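Report on one structure; see the data block that follows.
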Amino acid sequence: MDPQTLPPEVRALYDQIKTRYQVGFEPLTVRDHRLNILRMTDLEQILDGKNPLKDVGAFPFWVKIWEASLVLADLLAGLPKQEGAQEKTTLLELGAGLGVPGLAAAAAGMSVTLSDYEEHILDFERINAAASKLQNVSFTLLDWKNPPADMPRYDVLAGAEILFREEFFQPLVQIMKRALKPDGVIYLAHDHRRQSLHPFLKLAEQDFAISASKRRLKSLEEDKTIILTRLKPRR
């Protein structure tokens, strides 16, 4: 990916990020779709000597392309298209980070909104959307504990590796209830070792019917088992 090909306003964001971090573009193929993802190549710049194993909640989850995000991206890109629909399926990615699942959904034809809690994370998302030549993507700041009063509703909500602090579980459930259309669906993806998944789903099952399946992602280092969870509003 040649940064010189980015639109001028996005190239300016890229130049700003380059002054702060060591970054590089990583090409990703999701089904038939090619994405270009800007990510940090030196995580120590943002960890600043902190040990993420001692305080998982303090780890900047958004900086990494997680295996769960690749599995979720594949699922979203493969969802059947709505035949005869007048409008595109709308999708909100929660805690989008670098935006891989949402961008894959956009490449497959959905109208996508990527959300996260800090502006500089959205800048990475803006660059990644432009580098992947996607125009049907918008970006929004979203604080789960202080969401906007007039939150839009979406056909699909999605999130990968977003369950890391219990204090956010109840606010996240409320966001899901407010942002999902009555006939909508939520897809979550997490490593099977993520201990926070079970207590979150116990909380969410009061409002959502839940089903789950496993996907195995093979790699040279270590095979990963990812839990894909599907939530539908209870009638």
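Just so you know, these numbers come straight off a predicted model, no measurement behind them.
A search for side-chain contact (heavy atoms from CB on, under 4.5 Å) contacts involving A77 returns V30, R31, H33, A104, A108, not counting sequence neighbours. Evaluation of the side-chain contact (heavy atoms from CB on, under 4.5 Å) rule for A68 yields A160, E161, A189, I226 as partners, not counting sequence neighbours.
Counting heavy atoms from C-beta on, the side chains of L103 and V112 never come closer than 4.5 Å. The shortest side-chain heavy-atom distance between F208 and L201 does not fall under the 4.5 Å cut-off. Two residues are said to be in side-chain contact when any heavy atoms from C-beta on lie closer than 4.5 Å; T229 and L197 meet this criterion. In this structure the side chain of I17 reaches within 4.5 angstrom of the side chain of I127, judged on heavy atoms. Counting only heavy atoms from C-beta outward, the side chains of I186 and V156 never approach each other to under 4.5 Å. L180 has its side chain out of reach of Y154: every pair of non-hydrogen atoms, C-beta onward, lies at least 4.5 Å apart. The side-chain heavy atoms of D191 and T225, taken from C-beta on, include no pair separated by under 4.5 Å. Residues L114 and L122 fail the side-chain proximity criterion, which asks for heavy atoms closer than 4.5 Å.
Contact record, L98 with L38: CD2-O, 3.5 Å, taken as the closest heavy-atom pair. P101 approaches E93 most closely through the heavy-atom pair CD-OE2, 3.4 Å. When every heavy atom of V100 is checked against every heavy atom of L35, the shortest pair comes out as O-CD1, 4.0 Å. Across F25 and P3, no two heavy atoms sit closer than the pair CE1-CG, 4.0 Å. In plain terms, the two heavy atoms of I162 and G95 that are nearest each other are CG2-O, 4.1 Å. Residue R194 comes nearest to L163 through the heavy atom pair CD-O, 3.2 Å, listed as atom of the first residue, atom of the second, then distance.
Distance check, rounded to the nearest 0.5 Å: CG of L70 to CG of L75 gives 13.0 Å. Distance check, rounded to the nearest 0.5 Å: CD of E125 to CG of D123 gives 9.0 Å. If you take CG on D155 and CG on L79, they are separated by 11.0 Å, rounding to the nearest 0.5 Å. Residue R230 holds its CZ atom at 10.5 Å from OG of S213, rounded to the nearest 0.5 Å. Rounding to the nearest 0.5 angstrom, the gap separating the CG atom in N36 from the NZ atom in K133 is 8.0 Å. For the atom pair CZ of F164 and CZ of F200, the computed distance is 12.0 Å after rounding to the nearest 0.5 Å.
Within the structure, ring pair (Phe, Tyr, Trp, His ring centres under 6.0 Å) pairs that include any residue of residues 173-194 do not occur (at least two apart or interchain).
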Steps toward side chain to side chain contact (heavy atoms under 4.5 Å, CB included) verdict (L91, L157): CA-CA 6 Å; L91 179 143; L157 306 184; over 6 Å; no

Stepwise, does the side chain to side chain contact (heavy atoms under 4.5 Å, CB included) test hold for L142 with Y117? CA-CA 5 Å; L142 181 56; Y117 66 100; over 6 Å; no

Side chain to side chain contact (heavy atoms under 4.5 Å, CB included) between M40 and Q22, intermediate numbers included: CA-CA 6 Å; M40 293 186 190; Q22 293 182 32; over 6 Å; no

Any chance you could lay out the side chain to side chain contact (heavy atoms under 4.5 Å, CB included) test for M110 and K88, step after step, and finish with the verdict? CA-CA 6 Å; M110 295 188 195; K88 291 182 178 181; 5.9 Å; no

Test T90 against S111 for side chain to side chain donor-acceptor pair (under 3.5 Å), laying out the working first. CA-CA 5 Å; T90 58; S111 178; over 6 Å; no

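The backbone N or O of N128 sits less than 3.5 Å from a side-chain atom of S132, completing a donor-acceptor pair. Under a 3.5 Å cut-off, the side chain of R215 and the backbone N or O of L72 do not form any donor-acceptor pair. Judged by distance alone, with hydrogens and angles left aside, the side-chain atoms of R234 form a donor-acceptor pair with the main-chain N or O of E205 at under 3.5 Å. Side chain of D116 to main chain of E118: no donor-acceptor pair is present (N/O by atom type, distance under 3.5 Å, no hydrogens or angles).
When the side chains of ILVMFWY residues are joined at heavy-atom separations under 4.5 Å, either directly or via intervening members, Y14 and V137 end up in a single hydrophobic cluster. Hydrophobic clustering (side-chain heavy atoms under 4.5 Å, transitive across Ile, Leu, Val, Met, Phe, Trp, Tyr) keeps I121 apart from W144. If you chain together hydrophobic residues whose side chains sit under 4.5 Å apart, L76 and V185 fall into the same group. The cluster map of Ile, Leu, Val, Met, Phe, Trp and Tyr, joined by side-chain heavy atoms under 4.5 Å apart, puts L92 and L141 in different clusters. With hydrophobic clusters built from ILVMFWY side chains whose heavy atoms lie under 4.5 angstrom apart, L6 shares a cluster with L13.
Remark: D32 CG is loosely packed, at most 12 non-hydrogen atoms of other residues, nucleotides or ligands lying under 6.0 Å away. When the shell of 6.0 Å around CD of E9 is examined, it contains more than 12 heavy atoms from other residues, nucleotides or ligands. For E166, the CD atom sits in a loose shell: 12 or fewer heavy atoms of surrounding residues, nucleotides or ligands are nearer than 6.0 Å. The neighbour count for Q135 CD, taken as heavy atoms of other residues, nucleotides or ligands under 6.0 Å away, does not exceed 12.
Between the side chains of S138 and T113, at least one donor N or O lies within less than 3.5 Å of an accepting N or O.
Look at K18 and D15 and you find no salt bridge, because none of the NZ, NE, NH1 or NH2 atoms lies under 4.0 Å from a carboxylate O. Using a 4.0 Å cut-off between charged nitrogen and carboxylate oxygen, D143 and K145 do not count as a salt-bridge pair. The pair K218-E67 does not count as a salt bridge, with every side-chain nitrogen at least 4.0 angstrom from each carboxylate oxygen.
Using a 30° and 60° split on the angle between ring planes, F124 and Y21 fall in the tilted class, from 30° to 60°.
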